[in-house]
Amino acid sequence: MRTRLSRTLPAAVAVLAAFAALPASAATAVTGEPAPYAAPADHPTYIVTVRKDLDPAGVAQLVGVTPVHVFRSTLHGFAAPLSPGQVAALHALPGVEAVEQDGTASAG
């Protein structure tokens, strides 16, 4: 029996390989263009962190996400409302370090 990851991973690897083959100028140009799809407002917002050598906005575009914010200093990633399918796709992408639902934090 194949797991969901074993079914999704080959497609995710192919998508990431296609993105990695883009010239650097094409990968960085993605930040100015919104992706064609944003998850409905009723989907929770997630914080997605990616490897430093990847363009966070480009990774978002791979799964059809319009980030509400792209982080490039303290964190390297993006924040966006995500559907369950987009969360699964991001978990399967090599180079995605974490996908965590946004929430409040408190000290103490």
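Just so you know, these numbers come straight off a predicted model, no measurement behind them. The analysis underlying the following values was restricted to heavy atoms, covering all of them including side chains, and did not include hydrogens, waters or symmetry mates.
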pair [X]-[Y]: side-chain heavy atoms closer than 4.5 Å:
| X | Y | result |
| --- | --- | --- |
| His76 | Val50 | yes |
| Leu62 | Leu90 | no |
| Gln86 | Pro81 | no |

Nearest heavy atoms of [X] and [Y], plus distance in Å:
| X | Y | result |
| --- | --- | --- |
| Ile47 | Ala79 | CD1-CB, 3.6 Å |
| His43 | Ser83 | CD2-CA, 3.2 Å |
| Pro67 | Ala60 | CG-CB, 3.7 Å |
| Leu54 | Pro94 | CD1-O, 4.3 Å |

*asked:* Show, in sequence, the C-alpha distance, side-chain angles and deciding distance for Asp55 and Arg72, and conclude whether the side-chain contact (heavy atoms from CB on, under 4.5 Å) test is met.
replied: CA-CA 9 Å; Asp55 175 34; Arg72 297 190 186 277; 2.9 Å; yes

*Begin from the C-alpha positions of Val48 and Leu82 and carry the test side-chain contact (heavy atoms from CB on, under 4.5 Å) through to its verdict.*
CA-CA 10 Å; Val48 180; Leu82 301 174; 4.1 Å; yes

*Glu97: what forms a side-chain contact (heavy atoms from CB on, under 4.5 Å) with it, not counting sequence neighbours?*
Thr49, Arg51

*Can you pull the ring-ring contact (aromatic ring centres under 6.0 Å, His included) pairs that have at least one residue in residues 46-69, sequence neighbours excluded?*
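Of all non-adjacent pairs touching residues 46-69, those that pass ring-ring contact (aromatic ring centres under 6.0 Å, His included) are His69-Phe71.
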
